[in-house]
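The shown structure was predicted, so the numbers you read here are calculated from the model rather than taken from an experiment. Side-chain atoms are counted along with the backbone in the values below, which use heavy atoms only and exclude waters and symmetry mates.
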Amino acid sequence: MNVLVINCGSSSLKYQLIESASEAVLAKGLCERIGIDGRLVYQKAGLDKEITEAAMPTHKEAIQMVLDALHNPESGAVAKLSEIGAVGHRVVHGGEKFSSSVVLTEEVLKEIEACNDLAPLHNPANLIGIRACKELMPGVPMVGVFDTAFHQTMPKKAYLYGLPYEYYEKYKVRRYGFHGTSHSFVSKRLIQFLNLDAADSKVIVAHLGNGASISAVLNGECVDTSMGLTPLEGLVMGTRSGDIDPAIMEFIAKKENLDITGIMNVLNKKSGVEGLSGVSSDFRDLEKAYNEGNERAIAACEVFAYRVAKYIGSYVAAMNGVDAIAFTAGIGENTSFIREKILAYLGYLGITMDAEANKVRGEEKVISTPDSKVKVCVIPTNEELAICRETVALV
Ligand code: ADP
């Protein structure tokens, strides 16, 4: 079956058409600047990228352009649209309602809408994409795959904040976690790759991308993760602060004369390694500046790696041990000097890194030495493929 995987943001939309049996990507691309002007990037497997500038006032026009490109007689990936058997949609927040993927009925859409409060930037955009698809592809089954679902197995002690309990009861203020599709995919693949017994395994997944999070997976189930009510908690990220003393917010608000929106903007968009370094949020730029001796870039990289190492330590405590650790996403898969810095803190676990193996970029590899007590691997993530698999399983 051909599955169209859609990841819809407020002004952009990423897509892949995947043949589920072979798991081959038939075509992929993105729509950008939806509601501004509009730009479609389309690439059929084996061919060059095609770029089309065209008006996309809403997501509906964007999805229509994607569908047109997918069955265009010259470079289309399918002859007829009816060859698309199902659509898998990434949905950011499923609240406490959704602990697994689900077929998107009208009733389910209402329940997702009820979670909009929890992810006001993402969920409304996801819903617009789903509704536009339903309109343009009537009768084609659609599945929602939630970023939060994998983390719903966290125990209460891990998801409750030390806040008045009524905020949890009234507003569902608790830790949810994100990147769940990636944590699920990579933890399963790590267990398989190392031939571990899924029912008796302790693994930690470090998803280090522009947004970064880490999770503790005990016997195949998530027991803790670093992001919280929103993706702002936890690790130091590209432009997000991660954990801070909450009192800093009032302190800076007064000093800089900022309101709560201004403060949130600083924490989400002007902090992290970019805010620390003043160089960039991109680790390729940071590595260059680091090697040139830029002191703030050096500090940013040190803070980033130290925070990851501290979280790994806390998750070893949460699971009373660890069998294997996986690095994934842009930085985890590609940035060897950061992996080296993180692993340098973990000698007490009996981890020894294989320096030669750690040069790997973007492929599955064990990067610890054969005698390392804990296996450390690079496992590339593939959220689109995970969404495709979930979709096929449900339709
Ligand atoms: P997101 O999906 O959250 O936007 P990614 O997983 O794409 O993020 O990760 C982006 C980060 O990964 C950037 O900091 C970037 O520098 C780093 N990265 C991506 N590819 C490479 C690469 N080939 N070499 C080094 N770093 C890379």
Side-chain angles (χ1 to χ4, degrees), residues 1-9 12-32 34-35 38-91 98 100-113 125-146 149 181 185 382-395:
M1 182 199 292
N2 296 325
V3 178
L4 180 61
V5 174
I6 292 197
N7 179 355
C8 206
S12 71
L13 180 161
K14 291 187 208 146
Y15 65 91
Q16 281 194 8
L17 185 68
I18 301 176
E19 201 285 303
S20 63
S22 61
E23 301 195 330
V25 177
L26 305 180
K28 63 179 180 180
L30 73 156
C31 299
E32 291 172 299
I34 301 169
R39 184 172 185 264
L40 169 79
V41 180
Y42 172 79
Q43 185 172 27
K44 183 181 173 180
L47 297 184
D48 288 338
K49 271 185 192 158
E50 294 172 22
I51 295 173
T52 316
E53 315 268 345
M56 292 175 190
T58 71
H59 289 75
K60 194 170 159 194
E61 288 81 13
I63 290 169
Q64 184 65 61
M65 284 193 68
V66 171
L67 296 178
D68 290 348
L70 284 172
H71 79 292
N72 167 322
E74 274 150 39
S75 56
V78 290
K80 317 190 276 301
L81 278 186
S82 57
E83 290 174 26
I84 299 175
V87 183
H89 291 269
R90 174 190 181 209
V91 182
F98 300 103
S100 59
S101 304
V102 61
V103 174
L104 294 167
T105 60
E106 208 37 55
E107 195 186 343
V108 167
L109 293 192
K110 287 208 182 86
E111 285 174 344
I112 296 176
E113 211 163 346
N126 299 154
L127 281 166
I128 289 170
I130 295 166
R131 291 199 193 279
C133 261
K134 278 184 164 260
E135 223 177 298
L136 294 168
M137 305 172 81
V140 177
M142 314 250 158
V143 169
V145 180
F146 300 90
T181 311
F185 179 89
N382 190 338
E383 288 164 279
E384 290 79 12
L385 179 56
I387 292 173
C388 169
R389 286 180 185 166
E390 293 277 307
T391 303
V392 172
L394 280 171
V395 300

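Across every non-hydrogen atom of L385 and F185, the tightest pair is CD2-CE1, 4.2 Å. Scanning all heavy atoms of the two residues, the minimum distance from V25 to A45 falls at O-CB, 3.3 Å. Between E50 and S75, the closest heavy-atom pair is OE2-OG, 2.6 Å.
Residues satisfying the side chain to side chain contact (heavy atoms under 4.5 Å, CB included) test with S100, not counting sequence neighbours, are none. In this structure E83 satisfies the side chain to side chain contact (heavy atoms under 4.5 Å, CB included) test together with N2, V78, A79, K80, sequence neighbours excluded. Residues forming a salt bridge (Lys or Arg N to Asp or Glu O under 4.0 Å) with E384 (at least two apart in sequence, or on another chain): none. For T58, the side chain to side chain donor-acceptor pair (under 3.5 Å) partners at least two apart in sequence or on another chain are E61. For R90, the salt bridge (Lys or Arg N to Asp or Glu O under 4.0 Å) criterion is met by D147, not counting sequence neighbours.
For the pair K44 (side chain) and G76 (backbone), a donor-acceptor distance under 3.5 Å is present. Put simply, the side chain of Y42 never gets that close to the backbone of A27: no donor and acceptor are under 3.5 Å apart.
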For residues 125-146, tabulate all N or O donor-acceptor pairs below 3.5 Å that involve a side-chain atom, not counting sequence neighbours.
unit_1: N126; atom_1: OD1; unit_2: V92; atom_2: N; d: 2.9
unit_1: N126; atom_1: ND2; unit_2: C8; atom_2: O; d: 2.7
unit_1: R131; atom_1: NH1; unit_2: E106; atom_2: OE2; d: 3.0
unit_1: R131; atom_1: NH2; unit_2: E113; atom_2: OE1; d: 3.3
unit_1: K134; atom_1: NZ; unit_2: L104; atom_2: O; d: 2.8
unit_1: E135; atom_1: OE2; unit_2: K60; atom_2: NZ; d: 2.7

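Atom OG1 of residue T391 and atom CZ of residue R389 lie 12.0 Å apart, to the nearest 0.5 angstrom.
Considering only heavy atoms from C-beta on, F98 stays 4.5 Å or farther from V91 through its side chain.
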